[in-house]
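In the text below, chain A, chain B and the rest are named by the order of the sequence lines, each starting its count at 1.
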2 protein chains.
Amino acid sequence: MTATEDTSTAHQKAYERIHELILTGKLAPGERLRERNLGALLGLSRTPVREALRRLSSEGTVRFEPNRGVYVEEIDRGELLEIFDIGAALESRCARLAARKIGSEAIAVLEACLDEMTKFAGRPEGDPGPDYVKLDKRFHSTIVAATGNRKLQALVEHVVSLPVLSSAFRQYGPADFRRSVRQHGEILEAIRSGDEAWAEVAMRNHILTGRNAVVKQDGTAAG
Amino acid sequence: MTATEDTSTAHQKAYERIHELILTGKLAPGERLRERNLGALLGLSRTPVREALRRLSSEGTVRFEPNRGVYVEEIDRGELLEIFDIGAALESRCARLAARKIGSEAIAVLEACLDEMTKFAGRPEGDPGPDYVKLDKRFHSTIVAATGNRKLQALVEHVVSLPVLSSAFRQYGPADFRRSVRQHGEILEAIRSGDEAWAEVAMRNHILTGRNAVVKQDGTAAG
DNA sequence: GAAAGCCATGTTGTATACCATTTGATGACG
DNA sequence: CGTCATCAAATGGTATACAACATGGCTTTC
């Protein structure tokens, strides 16, 4: 019916929508979030909204100030680059584990992802945009899930929940997308062949490429 | 002084108590948590309990099964050891950053912690037990906070929220505690002197010592 | 005229009430 | 005797109601 998303519960819907609003910058860093406003906006009551906000708070995306409201967390450039380093450490470790433990179904999912990515990158002009972001998320989520480690999965989710991950894509040109696809291909091949060391460095290479894109994103010394 | 804990809000109280119940094994892995039961147990309504559970869920400590209840997550030995490795990666990175950015107040807190730890470890017999766990938490939290990176802080919190971290202490003997104190001393000295590389490896050394304790904790091939 | 206190208003924090879904028991039917 | 349908109790999911706290403007007083 609606968006084919897994919007089975109001809480899930609230979480996804609010998260997206923050990702896309419609809710700006530092901005105060009023529970009743959000509820009205999403057609929900405060209860699921608050639960979603608690979750986002636990992920470091928003901040509860007791009795004084909820605010979108700000992230400065230094923090962000650190996060990329952490992400590289976590995800490369995931890739190593995945190379050891992944099953054929997960492999199939990765292949399907890569296939669609290739199609997107093959386009002459248009920016793949949000679709590519989703594919990228699915690809990485599949690898993390293949580790079978739920705690690790939770950690990575928290890292990739950053607004900036997608903003990194925003300024990608066609060449950047092609490179991204190629890197995903390498990662898949490494995992498929069970080469743990290769999978690890292929993933690290991929993440740090994204990091570099963010570094160059805004050269100005904006406060 | 009562429990000087920051139990200002019901949500916070619920979170701390439930977390502790899981840490101490009073709520066993796989066990179903009934919201009304927990609320009655803590003298609270379901609302703050549910918010606390959402937070714990986000941390990977419990698991929501839609319409079917909340369960304490189980962790097998392999996952656990992985978590220690991740923790080592994250915390050693924190130590490196802290060595660069820490302020004098935080240094003072660390010194105070170390002081109390030394007292505990100096005891002839008694197991320091929960008190030492708290000191350890404070020590590590202070270092993480000193990085100034909130997202990183959130990540580490999620790692150390593991039941097993404290269970590692449980089988510590006097010699183990003395070694732990000595290691904390090294970490502090490294950070204080601003030696990033030293701080990093001192922390890694410390965490992996704990990992080793867990490895040896239960030699039996218990499922 | 300025500062301090008080009240009105809005928002968060918590409790309760209601609805939807699951689950186990009971009984009818094969 | 076993199996399946049906229903009731329990529990999770959500909405609403109420209480506590914060904030801004107004009045009052010096």
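- Projected onto DNA chain D by closest heavy-atom contact, B/E65 and A/R68 fall at different nucleotides, the more 5' of which corresponds to B/E65.
- For the pair B/R36 and B/P48, nearest-nucleotide mapping onto DNA chain C gives the more 5' position to B/P48.
- Residues A/T47 and A/V70 each lie close to DNA chain C; by heavy-atom proximity, the contact nearer the 5' end of the strand is made by A/V70.
- When rounded to the nearest whole Å, the span between NZ of B/K13 and C1' of C/dG13 equals 15 Å.
- Separating the CD atom of B/Q12 from the P atom of C/dT12 is a distance of 18 Å, rounded to the nearest angstrom.
- A donor-acceptor pair shorter than 3.5 Å can be found between the side chains of A/E59 and A/Y15.
- Comparing atom distances between the B/E51 side chain and each of C/dT14, C/dG13, C/dT22 picks out C/dT14 as nearest.
- Across all non-hydrogen atoms, the minimal contact from B/V215 to B/R77 is O-NH1, 3.7 Å.
- Using a 4.0 Å heavy-atom criterion, one finds that A/L53 contacts no nucleic acid atom at all.
- Between the side chain of A/R150 and the main chain of B/E74, a donor-acceptor pair closer than 3.5 Å is present.
- You can see that DNA chain D meets the heavy atoms of chain B within a 4.0 Å-exclusive cut from D/dT11 to D/dT14, reading 5' to 3'.
- Distance NE2 (B/H11) to P (C/dA15): 13 Å, rounded to an integer number of Å.
- Summarising the geometry, the separation between CZ on A/R46 and P on C/dT16 is reported as 16 Å, rounded to the nearest angstrom.
- Closest to the side chain of B/S45, from the set C/dT11, C/dT14, C/dT23, is C/dT14.
- For the pairing with B/H184, the ring-ring contact (aromatic ring centres under 6.0 Å, His included) check across B/F139, B/F177, B/F120 returns one residue only, B/F139.
- A/V156 pairs with exactly one of A/I86, A/I143, A/V144 by the side-chain contact (heavy atoms from CB on, under 4.5 Å) rule, that one being A/V144.
- Summarising the geometry, the separation between CG on B/L38 and P on C/dA15 is reported as 14 Å, rounded to the nearest angstrom.
- Side-chain N/O atoms of B/Q153 and B/E157 include no donor and acceptor closer than 3.5 Å.
- Computed from coordinates, the A/E35 CD to C/dT14 P distance equals 11 Å when rounded to whole Å.
- Atom-to-atom, CG of A/L33 to C1' of C/dG13 comes out at 17 Å; the value is rounded to the nearest Å.
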Item to check | Residue pair A/R55, A/H11: steps toward the side-chain hydrogen bond (donor to acceptor under 3.5 Å, both in side chains) verdict | outcome: CA-CA 10 Å; A/R55 202 168 143 194; A/H11 158 78; 3.0 Å; yes
